[in-house]
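These notes concern the structure reproduced below.
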Amino acid sequence: MATAPALIGGFELPAGPRLPRVGSVDAVALEERAATLAKRSIKRESKLQALDLAIRMMDLTTLEGQDTPGKVAALCAKGMRPDPLDSTVPPVAAICLYPNHVEGAKERLAGSGVKVASVATAFPSGQSPTKLKVAETRAVVELGADEVDMVIDRGAFLSGRYAKVYDEIVQVKEACGDAHLKVILETGELGTYDNVRRASLLAIAAGADFIKTSTGKISPAATLPVTLCMMEVVRDVYYETGRMVGIKPAGGIRASKQAVQYLVTLYETLGPEWMTPDLFRFGASSLLNDVLMQIRKEKTGRYQSGDYFTID
Amino acid sequence: MAQVEKRKASVPALLEWEYAPAPEARDIVALRERYGLVIGGEEVEPRSGEWFESISPSTEESLFEAALAGAQDVDLAVSAARGAFENGWAELAPAERAKYLFRIARIIQERSRELAVAESLDGGKPIRESRDVDLPLAAAHFFYYAGWADKLEYAYPNRTPRPLGVAAQIIPWNFPLLMLSWKIAPALACGNTVVLKPAETTPLTALIFADICRQAELPPGVVNIVTGDGTTGGHLVRHDGIDKLAFTGSTEVGKLIMRELAGRDVRLTLELGGKAANIVFDDAALDQAVEGIVNGIYFNQGHVCCAGSRLLVQESIYEPLLEKLKRRLSTLRVGDPLDKNTDVGAINSKAQLDRITELVASGKAEGAEMYQPDCRLPERGYWFVPTLFTNVAQSHRIAQEEIFGPVLSVLTFRTPEEAIEKANNTPYGLSAGVWTEKGSRILWMVERLRAGVVWANTFNRFDPTSPFGGYKESGFGREGGRHGLAPYLRFD
């Protein structure tokens, strides 16, 4: 086991004599800031830009017991060409699936640039032995996953065994090889923003490429304040070390308006450098059609019924 | 730097994302060319025969003309108020007075978009603030004091509260409608009648408010509005028919008023300037503290008497905090007050802009280091880039004098004792802010800070139930809460 970071050991600080600082979060002020950012009024060209970007940042997701090869095939087709009537609409960033569907999706998506993201590590609870989690990660990477979405062990985190959480992420990261690692904190189970901040630092210190809010199986899933809290951690890490870590809010983002609010928050918190699918993703399943509807509305001036957008 | 690992982007970032203009429609305010005085429920031409222009500080265009009330006009207004007081208002059943106040509160809510646009148009403050702060609070004040109107005897058990008579009220230009509410709501709730003089640069919402009083069928003469400049205020202060004077404004004018009223049987409350310390300890939630600092000094372009204009930072977190603060300044959107995305609007007047410019120049001359973010300002109108000064000493003018603009002076401290010493080392004492995760330290600080309001882990937060007022040269008397009733009552 790695040396226990009661304070996060792997979170390197540049200036020698300064003590590592986890820092704290004031819930009232954080939520107020998020509410202010959510009130930005984004119109016309700036809205179209945002909607286009939202699609390019989307991890189109299906994580159900009832997923079948047919369902996955349909989702892949949708991801590559979201709006059959409008070729200017870009493909999504990735399709996010259970491990059993990685191979099928990989085949369907070959050459399209759309990535395959697989959940792993006993998703969604994470309540399995570490060696199984590592083995699962290896397996999904071998099956062809470009990105791995792991869950942290919330049981360990909430009981204060931070070293175990840290250690597990380190091992999973190693098992990922070249695949990108997104670490799901499941913020809905962490209880406080202070915990979210601590877990974010822990995950980043252990090597996460992305930190992700939620599995989508727990309510609340992603919220604007919790995502803002994570962005602030990412910003601190960037300022301290120069390292750029991505963020993925997932679950509960269904409307274009919400997506735009997240992008505004990203833009005003981390700046333009983060406005890329390499550093920000939306984990969503029903968001895409609403974005398509809004894009068509912006372009034609009219809303069209849901029947004009494919359900996959 | 340890472990520098900048990722190569496979997809280029969207580096240019300009928010498209999102202006609030201004046609909801039907501006007239001229507004007269409102005396005895009627709009009248000034006997003085004089008018002055009100201009929009964001475009310098002339918006309308308002009457400049002279001595005779002020006299008429005070007589009208006296008449209304003696002919029914004072004797009205308290529950009936409450009904009028509730009605006014509801009409303010109904007309809040119009009032918000008017406020931003006339005063230059961002619509986001007029809409989300000024208007809800103004309505809340009327609702709150409406509730007190028939409960005064419970507020002061075993005493018999009585109204004073005619209250003369002079309000500033930074929160025109909100300050009107702070003044008028408790005065009416206690059974007084009012002669109100709005600030020279921002009379519009007070004039719309006169129309709201008419809509609410408030008896004529209960609220009289006399527009004008300092001379009008002077006539009002010197008038021997007033029983009470409430003033919010500069310490300089406050002193003149106090001199004028010495020896006269006129009750006085003054809410004057401030030079508040916003004190950040090293255990504070830094990102939220930065938001609080920004809200403390750049809110309403810094035109806030309780603005957190002196930032006291514990030295051990000085660097990270300043880095965060400077980055945050660069995201402030300065521009058209009517754009819904504007964070910092226009400076209220040319005179104020000159004063800010002069004080900032003195800061540079005295050796403080200035930081301003890159910022494109509109060509016309009065604007000032959000500014912060580091290396500020207590002896610098920018650490002592009230700038009343978007200018922050940053100082450091080492221990809580030193923080208290520096925070209290000012002729003012209106407000202060404390940022720490430690509850016991908040209480320790509050006991020692000589300021009327101390905010903990927040700043510039107002509520009608909470009393507000100053120590030392920041004035005396309290507005808001149960405390806000006393200045408008006498006890038999």
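By convention in this document, chain letters (A, B, ...) are assigned in the order of the sequence lines, proteins followed by strands, and residues within each chain are numbered from 1. Note: hydrogens, waters and symmetry copies are ignored here, and every other heavy atom, side chains too, is used.
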Residue, of [options], that accumulates the most heavy atom pairs under 4.5 Å with chain B:
| options | answer |
| --- | --- |
| A:Arg44, A:Glu268, A:Glu273 | A:Glu268 |
| A:Val28, A:Leu263, A:Asp194 | A:Leu263 |
| A:Ala93, A:Ser24, A:Ala29 | A:Ser24 |

- Query: Who are the side-chain hydrogen bond (donor to acceptor under 3.5 Å, both in side chains) partners of B:Thr342, not counting sequence neighbours?
  - Reply: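 Not a single residue meets the side-chain hydrogen bond (donor to acceptor under 3.5 Å, both in side chains) criterion with B:Thr342.
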Does any backbone or side-chain atom of [X] lie under 4.5 Å from a heavy atom of chain A? Answer side chain, backbone, both or neither.
| X | result |
| --- | --- |
| B:Ala289 | neither |
| B:Leu332 | neither |
| B:Glu323 | side chain |

- Message: With ring-ring contact (aromatic ring centres under 6.0 Å, His included) as the test, pick out the partner of A:Trp274 among A:Tyr262, A:Tyr238, A:Tyr267, A:Phe210.
- Response: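 Considering A:Tyr262, A:Tyr238, A:Tyr267, A:Phe210, a ring-ring contact (aromatic ring centres under 6.0 Å, His included) with A:Trp274 is found only for A:Tyr238.
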- Exercise: identify the closest heavy-atom pair between B:Pro373 and B:Leu329: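 The pair with the smallest heavy-atom distance is CG-O, 3.7 Å.
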- Item | Enclosure of A:Glu174 CD (heavy-atom neighbours >12, cutoff 6.0 Å) |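 For A:Glu174, atom CD is not crowded (no more than 12 foreign heavy atoms under 6.0 Å).
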- Query: What pairs of residues pass the side chain to side chain donor-acceptor pair (under 3.5 Å) test when at least one of them lies in residues 284-296 of chain B, not counting sequence neighbours?
  - Reply: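 As it turns out, the side chain to side chain donor-acceptor pair (under 3.5 Å) pairs with a partner in residues 284-296 of chain B, which skip direct neighbours, are A:Arg33-B:Glu291, A:Glu232-B:Gln288, A:Arg235-B:Asp287, B:Asp287-B:Lys324, B:Glu291-B:Arg328.
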- Message: For B:Glu119, give me all partners under salt bridge (Lys or Arg N to Asp or Glu O under 4.0 Å), at least two apart in sequence or on another chain.
- Response: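 Residues passing salt bridge (Lys or Arg N to Asp or Glu O under 4.0 Å) with B:Glu119: none at all.
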- Query: Taking the inter-plane angle between the rings of B:Phe413 and B:Phe281 on a 0 to 90° scale, is it parallel (under 30°), tilted (30 to 60°) or perpendicular (over 60°)?
  - Reply: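 Judged by the thresholds at 30° and 60°, the geometry between B:Phe413 and B:Phe281 is perpendicular.
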- Message: Once you measure the plane-to-plane angle for A:Phe280 and A:Phe282, does it fall in the parallel (<30°), tilted (30-60°) or perpendicular (>60°) bin?
- Response: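 Because their plane-to-plane angle is over 60°, the rings of A:Phe280 and A:Phe282 count as perpendicular.
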- Positions in residues 123-139 of chain B that reach chain A, provided some heavy atom is under 4.5 Å away: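 Interface residues of residues 123-139 of chain B: B:Arg128, B:Arg131, B:Asp132.
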- Item | Proximal component of A:Leu53, with respect to chain B [non-hydrogen, under 4.5 Å] |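 Only the side chain of A:Leu53 comes within 4.5 Å of chain B.
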- Message: At a 4.5 Å cut-off on heavy atoms, which part of A:Thr269 comes close to chain B: side chain, backbone, both, or neither?
- Response: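 The backbone, not the side chain.
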- Task: Take B:Asp283 and B:Lys438 through the test salt bridge (charged side-chain N to carboxylate O under 4.0 Å, His left out) and record every step on the way to the result.
- Result: CA-CA 8 Å; B:Asp283 65 337; B:Lys438 191 171 269 201; over 6 Å; no
